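Data block below; observations after.
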Amino acid sequence: MLVLDCSMKLQMLEKMLRWSFPESLKVYGAVMNINRGNPFRKEVVVDSWPDFKAVITRPQREVAQSLIQPGLEHFQGGASTGSLGNLFQCLTTLTVKNFFLRSHLNLPSSRMDPKLTLTCLDISHASLLSKTWSRGGNPRSQKYLANLICCFPSVCVLDDNGYPLSWSLTDQFATMIHGYTLPEHRRKGYSRLVATTLAKKLHSCGFPAQG
């Protein structure tokens with residue numbers, strides 16, 4: 001197995017993976033994030049170059065050593081190539097680095113209560129997200145979600161007190177995840193609005209929208 005540590009090769013890989021959609025979407029999103037700042041400190045391994053048949057994204061060696069502890073299976077993800085369709089397990093890291101423009105989003109008043117705001121999530125919302133996540137409710141999950149909020153695009157609906165009512169995040173594979181609407185605010189179109197807005201935000205950053 002070969003580690004691709006050359007930026008030129010990683011840029012080439014990103015372009016080559018586009019030809020294997022949809023099977024390569026997860027690994028493609030991970031490679032895109034590596035080429036755009038690598039906030040989760042990943043590395044890419046291939047079986048051969050340039051005629052590869054399998055691609056793995058994994059934590060860099062020093063990061064992997066720090067993650068050898070129980071409970072981290074909740075934060076694993078998968079990546080696959082279009083040629084073989086193999087599924088590979090990929091661990092996340094907990095390194096924060098802002099590299100996306102996180103801007104306030106204005107919504108036409110005709111589509112939502114003027115007291116509500118459509119914007120991006122804030123790190124202060126991580127506790128709520130952890131409590132409403134089936135695998136959350138512990139310090140590790142809260143830290144993981146906080147780092148996703150800091151590193152990648154997100155969208156949420158806030159009430160007039162700044163409290164999140166509906167939201168969706170993006171992970172290190174450029175996948176739209178953790179979509180949730182508080183039970184008392186469902187059937188109002190918030191989930192669809194959040195998902196559509198986040199998809200447009202991903203497209204504006206050059207990422208494919210996937211969930």
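The structure displayed is predicted, hence computed values, not measured ones.
Here CG of Asp159 is found 5.0 Å from CG of Leu165. Values are rounded to the nearest 0.5 Å. The distance from the OH atom of Tyr190 to the SG atom of Cys156 is 12.5 Å, given to the nearest 0.5 Å. Taking CG of Leu121 as the reference point, atom CG of Leu158 lies at 7.5 Å (rounded to 0.5 Å). Taken to the nearest 0.5 Å, the CD1 atom of Ile177 stands 11.0 Å off from the OG atom of Ser154. Atom CD of residue Glu43 and atom CG of residue Leu4 lie 9.5 Å apart, to the nearest 0.5 angstrom. We find the NE2-OG distance between His185 and Ser166 to be 10.0 Å, quoted to the nearest 0.5 Å.
For the pair Asp160 (side chain) and Lys115 (backbone), a donor-acceptor distance under 3.5 Å is absent. Under the 3.5 Å distance criterion, the side-chain polar atoms of Thr196 are matched with a main-chain donor or acceptor of Arg192.
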Run the numbers on Arg58 and Val3 for side chain to side chain contact (heavy atoms under 4.5 Å, CB included), then give the verdict. CA-CA 10 Å; Arg58 67 186 186 189; Val3 177; 3.7 Å; yes
Assess whether side chain to side chain contact (heavy atoms under 4.5 Å, CB included) is satisfied between Met16 and Phe52, documenting all intermediate values. CA-CA 10 Å; Met16 295 163 73; Phe52 62 88; 3.3 Å; yes
Steps toward side chain to side chain contact (heavy atoms under 4.5 Å, CB included) verdict (Tyr144, Arg135): CA-CA 11 Å; Tyr144 167 73; Arg135 295 178 175 178; over 6 Å; no
Verdict with supporting geometry, Tyr163 and Leu182, side chain to side chain contact (heavy atoms under 4.5 Å, CB included): CA-CA 11 Å; Tyr163 192 82; Leu182 297 180; 3.7 Å; yes
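For Lys9 and Glu14, the salt-bridge test fails: no basic side-chain N is under 4.0 Å from an acidic carboxylate O.
Scanning both residues, Lys201 and Cys120, for their nearest heavy atoms gives NZ-CB, 3.8 Å. When all heavy atoms of Thr170 and Pro153 are compared, the closest pair comes out as OG1-O, 2.8 Å. Between Val46 and Val55 the shortest heavy-atom distance is CG1-CG2, 4.1 Å. Looking at every heavy atom in both residues, Ser168 comes nearest to Met176 through OG-CB, 4.3 Å. Heavy atoms only, all atoms of each residue included: Gly136 and Ser141 are closest at CA-OG, 3.3 Å. Taking all atoms of both residues into account, the shortest heavy-atom contact from Cys150 to Ile123 is SG-CD1, 3.7 Å.
With a 4.5 Å cut-off on side-chain heavy atoms, Pro164 and Leu128 count as touching. In this structure, Leu129 and Ile149 have side chains that are in contact, with non-hydrogen atoms separated by less than 4.5 Å. Side-chain contact check for Trp49 versus Met12: some heavy-atom pair is nearer than 4.5 Å. Asn38 is listed as a side-chain neighbour of Gln60, based on a closest heavy-atom distance under 4.5 Å.
For His178 and Trp133, the ring centers sit closer than 6.0 Å to each other.
Cation-pi contact between Arg186 and Tyr180: present, with separation from the ring centre below 6.0 Å and deviation from the ring axis of at most 45°.
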